[in-house]
Amino acid sequence: MIEPFRIKMVEPIRMTTREERARLLEAARLNVFALHADDVLLDFLTDSGTGAMSARQWAGVMVGDESYAGARSFYRLEAVVRDLTGYQHVIPTHQGRAAERILFSVATRRGEVVPSNTHFDTTRANLEYGGVEPLDLVIPEGREPRARHPFKGNIDLGRVEALLREQADRVPFGMITLTNNSGGGQPVSLENLRAYRALLGRFGKPLVIDACRFAENAMFVKLREPGQQQRDVKSIAQELFSLGDACTMSGKKDGMVNIGGFIALRDERWVEAARNLLILTEGFPTYGGLAGRDLEAMAAGLEEVLDESYLRYRLRTAEYLGEKLLAGGVQIVEPTGGHAVYIDARAFLPHLPAERYPGWALCAALYLEGGLRGVEIGSVMFGKRLDDGTETLHHVDLVRLAFPRRVYTQSHFDYAAEVICELKARASTVRGVRIARQARYLRHFTAEFDWA
Ligand code: F0G
């Protein structure tokens, strides 16, 4: 997994002792969201907006055109997005969820239903906010942490067809998330996407792609799908987009920038209404809530991300850490996806009942032991305390370690594997947690905990 880049600018990482971390964790009330990032050794909280830009992108920052209307940097971004997607209309936004909110506001109505493989949290929340029902129809293997299917992000076409047969008039469009983040960063095959496109087409429905990690998805197609090995990854990415009618994009992932996003649309249908809403809440259509330099950096990032040696290294990173963890007896979601490794916390801490939040306890323990920060995807994030004081629990408790792009080197991943495997060897000493204080919604961000 040799890193296909040289390092030209560095940031120090502050080393901490276990005693310091114990104190900091107590002060954060066992919630890693409340830590100062400076006190984290390796930060695997998210791959979103946390990547390193290239020299070429930083050069773009300097030549960014800050004109209010008609900025050169917009036209550069527009040209790159048109070339990649084949979509004529490009509407910049400050990040992915702004693109979602604007597109859904103009393209859906209360009472409708939108199928996808799995809607990401913000996509789901933006649909629900507009009274639209998000339906997750990933193939059954996509729900099985240990099912080794090459395209666990595929959508279940039988269930989509049943939905369209029964209530086509409620479906404004179909969606697909590339790669399927909530399912472990798992890819969708070209074959599945072609069939989904054809099925939607039979019912006259457009396809909207959540394209956040399109390049990682395209690389998985190249590596895993029969007959695709000889193609260059850009032409695969172009084919993925050619099967859709529109996309929402968070540039903070495969756009390789710290902030940015866009909507792109093939035809006129939603364009005017989307631009009008954009002006109301994001800005004029040629900057959409971003600085000209951000547009310039995103244009460069969208080109760079399709470099095959980068993508090979990127996917290999997750696979490499995954192999080390499996060898150390740590159960993960298999096979590894594009941007993260997901640890099965219930298998890691079998002595803890789900009510003691094993995912949360493991997150806290990984910080304490080695200064690693991951995120719990389990019963704290998705469970709820009901009015009668009882709790609903999630069906799995995972810890996601997501990898910033071009930030950490192989020895950082070796260190992470050592910390996790050493902790596994004395996992029975890890204590569970209980919630001391919590908010009514999205409690994981601010809840306070005690060791149980
Ligand atoms: N869609 C997917 C599949 C995502 O993973 C995200 C963000 C978004 C949309 C929203 O984009 O953050 O730019 O508004 N995922 C981040 C994560 C936050 O950590 O997985 P945004």
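Counting starts at 1 for both ligands and their atoms, in listed order.
Distances from atom 11 (O) of ligand 1 to the heavy atoms of Gln95, Lys253, Lys252 show the closest one on Lys253.
Residue contact check: Arg97 has heavy atoms under 4.0 Å from atoms 11 (O), 12 (O), 14 (O), 21 (P) of ligand 1. Listed by number with element, the atoms of ligand 1 under 4.0 angstrom from any heavy atom of Thr122 are 8 (C), 9 (C), 10 (C). Counting atoms of ligand 1 from 1 in the listed order, those under 4.0 Å from a heavy atom of Thr177 are 3 (C). Those atoms of ligand 1 with a heavy atom of Gly96 less than 4.0 angstrom away are 11 (O), 13 (O), 14 (O), 21 (P). Interface atoms of ligand 1 facing Thr46, defined by a heavy-atom separation under 4.0 Å, are 17 (C), 19 (O). Short contacts between ligand 1 and Ser250, defined as distances under 4.0 Å to a heavy atom of the residue, involve ligand atoms 11 (O), 13 (O), 21 (P).
Within a 6.0 Å radius of CZ in Arg148, other residues, nucleotides and ligands contribute more than 12 heavy atoms. Heavy atoms from other residues, nucleotides or ligands lying under 6.0 Å from CD of Gln238 number more than 12.
Residue-ligand proximity: Cys212 is placed with a non-hydrogen atom under 4.0 Å from ligand 1. At a 4.0 Å cut-off, at least one heavy atom of Arg400 sits close enough to ligand 1 to count as contact. Using 4.0 Å as the threshold, His339 has no heavy atom nearer than that to any atom of ligand 1.
Ranking the protein heavy atoms by distance from atom 8 (C) of ligand 1 puts Phe120 CD2, 3.5 Å first. Protein heavy atom nearest atom 9 (C) of ligand 1, with residue, atom name and distance: Glu100 OE2, 3.1 Å.
For Tyr68 and Tyr287, the ring centers sit closer than 6.0 Å to each other.
In summary, of the residues considered (Phe173, Phe104, Tyr87), a ring-ring contact (aromatic ring centres under 6.0 Å, His included) with Trp270 occurs for Phe173 alone. Tyr408 pairs with exactly one of Phe44, Tyr320, Phe403 by the ring-ring contact (aromatic ring centres under 6.0 Å, His included) rule, that one being Phe44.
Listed for the Lys205 side chain is no donor-acceptor partner under 3.5 Å among the backbone atoms of Leu199. In this structure, Asn31 contributes its side chain and Ala447 its backbone to a donor-acceptor pair below 3.5 Å. Side chain of Arg97 to backbone of Thr122: no donor-acceptor contact under 3.5 angstrom is found.
At least one N or O atom of Arg213 sits closer than 3.5 Å to an N or O atom of ligand 1.
Atom CG of Leu326 and atom CD1 of Ile332 lie 4.0 Å apart (nearest 0.5 Å).
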